[in-house]
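Beneath this line is the structure, given in structure tokens, with notes to follow.
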Amino acid sequence: QVQLVESGGGLVQAGGSRRLSCAASGRTFSSYAMGWFRQAPGKEREFVTAISWSGGTTYYADSVKGRAAISRDNAKNTVYLQMNSLKPEDTAVYYCAAAGFSRANAPGYSPFRFSDYDFWGQGTQVTVSS
């Protein structure tokens, strides 16, 4: 089992930046692929970004490409999401997710698909004011 706890959310003005953190419990964090998703009111949960277990491969949604950066520190069991040039449409609850080694290496695995993650955090609210 992995427990994920997000932090760093809050209110930010448009054009500003925010760094979200996701702290994971457990000894096997370094073997997990990690992702960030978000859900705005009345909308479905959507993919934001993901990173491989080693940190060597990253993925971004078109909506955040060039404005977001995902990174991980396996020594600290933490994954980060740096968001810059924030827009009001970035307002959402941001969720951290973990995909176990077996799942992340299974045929058909997609880092973009929320059903391909095993564990989820409670979420952290990011509100961007115009």
Side-chain angles (χ1 to χ4, degrees):
Q1 287 286 334
V2 173
Q3 290 188 323
L4 305 173
V5 179
E6 302 95 336
S7 61
L11 178 64
V12 60
Q13 288 190 333
S17 298
R18 205 76 185 180
R19 187 197 199 200
L20 307 182
S21 299
C22 173
S25 65
R27 298 173 295 174
T28 58
F29 172 78
S30 61
S31 68
Y32 283 80
M34 301 297 296
W36 287 94
F37 288 73
R38 66 187 182 186
Q39 188 165 19
K43 295 188 177 181
E44 294 185 350
R45 191 169 299 192
E46 65 172 2
F47 171 81
V48 178
T49 180
I51 189 168
S52 62
W53 65 272
S54 67
T57 304
T58 56
Y59 310 86
Y60 294 93
D62 287 343
S63 59
V64 303
K65 202 169 290 184
R67 301 189 297 119
I70 188 172
S71 61
R72 67 188 298 161
D73 186 338
N74 286 342
K76 295 183 178 180
N77 279 17
T78 302
V79 63
Y80 304 97
L81 171 58
Q82 176 70 42
M83 293 282 291
N84 302 318
S85 302
L86 283 161
K87 306 174 182 179
E89 51 263 45
D90 293 318
T91 295
V93 177
Y94 284 72
Y95 296 92
C96 172
F101 185 84
S102 296
R103 183 186 292 273
N105 287 277
Y109 166 76
S110 170
F112 306 99
R113 191 162 52 217
F114 72 84
S115 58
D116 275 350
Y117 289 84
D118 298 300
F119 305 103
W120 290 85
Q122 301 271 22
T124 186
Q125 175 73 46
V126 174
T127 302
V128 184
S129 63
S130 57

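Hydrogens, waters and symmetry mates play no part in the numbers below; they use all other heavy atoms, side chains included.
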Original post:
Counting heavy atoms not belonging to Q122, are there more than 12 under 6.0 Å from its CD?
Top reply: no
Original post:
Between D118 (side chain) and A99 (backbone), is there a donor-acceptor pair under 3.5 Å?
Top reply: no
Original post:
Taking atom CZ of R67 and atom CE of M83, what is their separation to the nearest 0.5 Å?
Top reply: 5.0 Å
Original post:
For the side chain of D116 and the backbone of S110, is there at least one donor-acceptor N/O pair under 3.5 Å apart?
Top reply: yes
Subject >> Pair S17, N84: side-chain N/O donor-acceptor within cut-off below 3.5 Å >> reply: yes
Subject >> Side-chain donor/acceptor of S25 to backbone N/O of V2, under 3.5 Å >> reply: no
Original post:
Given L20, which of V79, L81, V48 fulfils the side-chain contact (heavy atoms from CB on, under 4.5 Å) condition?
Top reply: L81
Subject >> Nearest-0.5 Å distance, CE of residue M34 to SG of residue C96 >> reply: 3.5 Å
Original post:
Is there a path of hydrophobic side-chain contacts, each under 4.5 Å between heavy atoms of I, L, V, M, F, W or Y residues, that connects W120 with V5?
Top reply: no
**OP:** Answer with yes or no whether the hydrophobic clustering places F119 together with I51; edges join I, L, V, M, F, W, Y residues whose side-chain heavy atoms lie under 4.5 Å apart.
**Re:** yes
**OP:** Kindly say whether V12 contributes a backbone atom to a donor-acceptor pair with the side chain of R18 at under 3.5 angstrom?
**Re:** no
Original post:
Between R45 and Y95, is NZ or CZ placed under 6.0 angstrom from the six-membered ring centre and within 45° of the ring axis?
Top reply: yes
**OP:** Quick one: pull up CZ in F37 and CD in E44 and give me the separation to the nearest 0.5 Å.
**Re:** 12.5 Å
Original post:
Any donor and acceptor pair, going by atom type alone, linking the side chain of Y60 with main-chain N or O of I70 inside 3.5 Å?
Top reply: yes
Original post:
Is the side chain of N105 donor-acceptor paired with the backbone N or O of S102 at a distance under 3.5 Å, no angle test?
Top reply: no
Subject >> Spacing of F101 atom CZ and W53 atom CH2 [to the nearest 0.5 Å] >> reply: 7.0 Å
Subject >> Side-chain heavy atoms of V64 within contact of R38, under 4.5 Å >> reply: yes
**OP:** Return yes if some donor-acceptor pair links the side-chain N/O of E6 with the main-chain N/O of G123 below 3.5 Å, else return no.
**Re:** yes
Subject >> Spacing of OH belonging to Y117 relative to CZ belonging to R103, to within rounding of 0.5 Å >> reply: 10.5 Å
**OP:** Would you kindly check if the NZ (Lys) or CZ (Arg) of R72 is within the cone defined by 45 degrees around the ring axis of Y80 and under 6.0 Å from the six-membered ring centre?
**Re:** no
Original post:
Between F47 and W36, is a side-chain contact (heavy atoms from CB on, under 4.5 Å) present by the stated rule, with each step listed?
Top reply: CA-CA 7 Å; F47 171 81; W36 287 94; over 6 Å; no
Subject >> Gap between atom CD of E46 and atom OG of S63 - 0.5 Å precision >> reply: 5.0 Å
Original post:
Between K87 and D90, is a salt bridge (Lys or Arg N to Asp or Glu O under 4.0 Å) present by the stated rule, with each step listed?
Top reply: CA-CA 5 Å; K87 306 174 182 179; D90 293 318; over 6 Å; no
**OP:** Please report the closest heavy-atom contact between S130 and P88, naming both atoms and the distance.
**Re:** CB-CG, 3.8 Å
**OP:** Treating Ile, Leu, Val, Met, Phe, Trp and Tyr as nodes and any side-chain heavy-atom pair under 4.5 angstrom as an edge, say whether F114 and F112 lie in one connected cluster.
**Re:** yes
**OP:** Kindly give the heavy-atom pair with the smallest separation between S21 and T78, and that separation in Å.
**Re:** CB-CG2, 4.3 Å
Original post:
Going by atom types alone, do T127 and Q125 pair a side-chain donor with an acceptor below 3.5 Å?
Top reply: yes
